[in-house]
Amino acid sequence: SNKVAGLGLNKKTSEKTEDDPDAANPAEASLLMKIIRQGLVESKLDIEIQRKDPNSPLYSVKTFEALHLKPNLLKGVYALGFNAPSKIQETALPTLLADPPQNMIAQSQSGTGKTAAFVLAMLSRVDPAKNYPQVLCLSPTYELAIQTGEVAAKMAKFCPEIKLKYAVRGEEVKKGSKITDHILIGTPGKMLDWGVKFNMFDLQKIKVFVLDEADVMIDRQGHQDQCIRIHKCLPPTCQMMFFSATYDSAVMEFAEIIVPNPIIIRLLREEESLDNIKQYYVKCKSADDKYRAICNIYGVITIGQAIIFCHTRKTASWLSEKMSRDGHSVAVLSGELTVEQRIAVLDRFRGGLEKVLITTNVLSRGIDVEQVTLVVNFDMPMDLDKKADCETYLHRIGRTGRFGKAGIAINLIDSPQAMNICLDIEAHFGKKIHLLDIEDAEEIE
Ligand code: ADP
């Protein structure tokens with residue numbers, strides 16, 4: 001249902017009724033993260049490595065030179081502005097480039113350098129003298145495949161002999177002809193068509209198989225089965241690489257099907273915490289009452305920026321209209337915006353052009369804006385059973401070590417149900433949520 005034409009990303013990406021909770025779409029969220037994130041996220045946490053034979057040496061490199069890449073490939077890496085391998089790359093790259101090839105499962109949050117790592121491995125395994133596909137890379141969506149392809153094209157800037165083709169909707173190969181490109185990057189459906197249905201290349205000749213964004217892949221109907229069908233046609237000698245931002249049991253089971261005898265590398269994510277956050281709740285009688293509460297709070301807190309979370313698009317746009325009418329400069333980020341529009345909204349907000357961002361749950365993770373000092377839950381986060389969604393609460397309110405500044409969180413409570421959610425959240429985290437008398441908001445620190 002997510003048909004986005006061309007790279008323009010200019011179509012509505014989902015159709016929902018107005019009153020639906022505006023939930024995050026993992027593929028879109030991942031793409032947005034990739035586009036808006038500039039530079040590398042380096043975690044302070046250690047890497048965890050699992051392998052069959054703990055005695056076999058495991059190499060790690062501190063420089064790209066130590067990988068003994070082809071000189072033109074190394075030039076490409078430097079041209080991208082990479083000076084040294086990221087934490088995940090230090091450990092993953094020697095294994096990905098080893099002879100004989102080794103299989104790998106790697107999990108780390110987005111922005112830690114996974115794509116750059118497997119793209120480098122893909123490029124260095126290609127034999128450009130052989131004019132047939134040798135490397136397959138599967139991505140869950142058109143847009144994510146294009147993103148990966150663009151990284152590959154940049155890295156291969158000085159290796160024009162390496163040919164890359166997208167296996168995505170809109171790309172066609174003449175019936176009966178054979179594909180001569182070395183690397184295919186695409187979505188499972190198209191790859192299955194070209195490789196299995198129309199025999200346009202020989203899956204038995206594939207040396208490297210990359211499955212990227214496995215968690216998003218699982219989330220999309222039918223994609224996992226298609227991946228498995230492609231995987232079944234690959235030779236046993238093919239090197240398997242499996243990447244995911246998260247690692248739950250569904251991802252693990254999928255990984256086990258795809259990757260025999262893997263080395264498993266995991267970079268634990270920097271946990272968000274509520275340690276630096278002062279949490280309050282305000283009793284309100286109605287939505288209008290909530291609005292008054294926000295205005296009172298807004299009058300008191302003048303430093304920094306604020307994010308207000310609403311449950312539905314309808315509430316978000318109602319609130320933004322009201323606030324704008326009263327002369328506040330507000331930005332709105334919700335599900336009906338295209339990826340491009342969302343980037344524009346976030347860029348403006350990060351640039352300080354608006355002081356308040358009103359949003360729904362379209363971003364599953366907190367928005368990394370350092371100067372945000374106040375987060376307001378206009379509606380309490382709840383799951384589909386209308387129970388407290390503690391994980392979402394933490395993502396909205398919590399800060400990681402990187403953005404460790406103190407902050408204030410205010411929950412607007414207008415029903416017994418909302419109060420229960422608030423109490424459940426308080427109990428879950430074991431951190432007091434203080435009652436705030438809004439007529440006396442001066443007590444906010
Ligand atoms: P992931 O696939 O884990 O989301 P990426 O490979 O896309 O991460 O890398 C995230 C960002 O960091 C990208 O902008 C990429 O260009 C940059 N990057 C990756 N590796 C390095 C490196 N070794 N040095 C500097 N920047 C890097």
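Start at 1 and go down the list; that is how both ligands and their atoms are numbered.
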- By side chain to side chain contact (heavy atoms under 4.5 Å, CB included), Cys390 pairs with (sequence neighbours left out) Ala388, Ile425, His428, Phe429
- Task: For the residue pair Leu211 and Phe254, establish whether any side-chain heavy-atom pair is separated by less than 4.5 Å.
- Result: yes
- Task: Decide whether an N or O pair under 3.5 Å exists between Gly111 and ligand 1.
- Result: yes
- Message: I want to confirm something. Looking only at heavy atoms, which of Gly113, Ala106, Ser30, Ser110 is nearest to atom 8 (O) of ligand 1?
- Response: Gly113
- Would you mind running through ligand 1 and noting each atom that sits below 4.0 Å from a heavy atom of Thr112? 1 (P), 3 (O), 8 (O)
- Taking C-beta and beyond as the side chain, do Pro101 and Arg125 meet within less than 4.5 Å on heavy atoms? yes
- Message: Once you restrict to heavy atoms under 4.0 Å, what part of Phe118 touches ligand 1? Side chain, backbone, both or neither.
- Response: neither
- Message: Can you tell me which portion of Ala84 lies within the under-4.0 Å heavy-atom range of ligand 1? Options are side chain, backbone, both, or neither.
- Response: backbone
- Task: Give the ring-plane orientation class for His231 versus Phe209, where under 30° counts as parallel, over 60° as perpendicular and anything between as tilted.
- Result: tilted
- Near Phe64, which atoms of ligand 1 are under 4.0 Å from a heavy atom of that residue? 23 (N)
- Numbering the atoms of ligand 1 from 1, which are under 4.0 Å from a heavy atom of Ser86? 23 (N)
- Message: Just by distance, no angles: are the side chains of Asn411 and Asn377 close enough, under 3.5 Å, to form a donor-acceptor pair?
- Response: yes
- What do you reckon, does Asn83 have a nitrogen or oxygen under 3.5 Å from a nitrogen or oxygen of ligand 1? no
- With the side chain counted from C-beta on, respond yes when Ile183 and Leu123 share a heavy-atom pair under 4.5 Å apart, and no when they do not. yes
- Task: Please determine if Ala116 has a nitrogen or oxygen closer than 3.5 Å to a nitrogen or oxygen of ligand 1.
- Result: yes
- Query: Below 3.5 angstrom, do we get any N/O pair linking Ser108 and ligand 1?
  - Reply: no
- Item | Partner set under side chain to side chain donor-acceptor pair (under 3.5 Å) for Glu256, not counting sequence neighbours | none
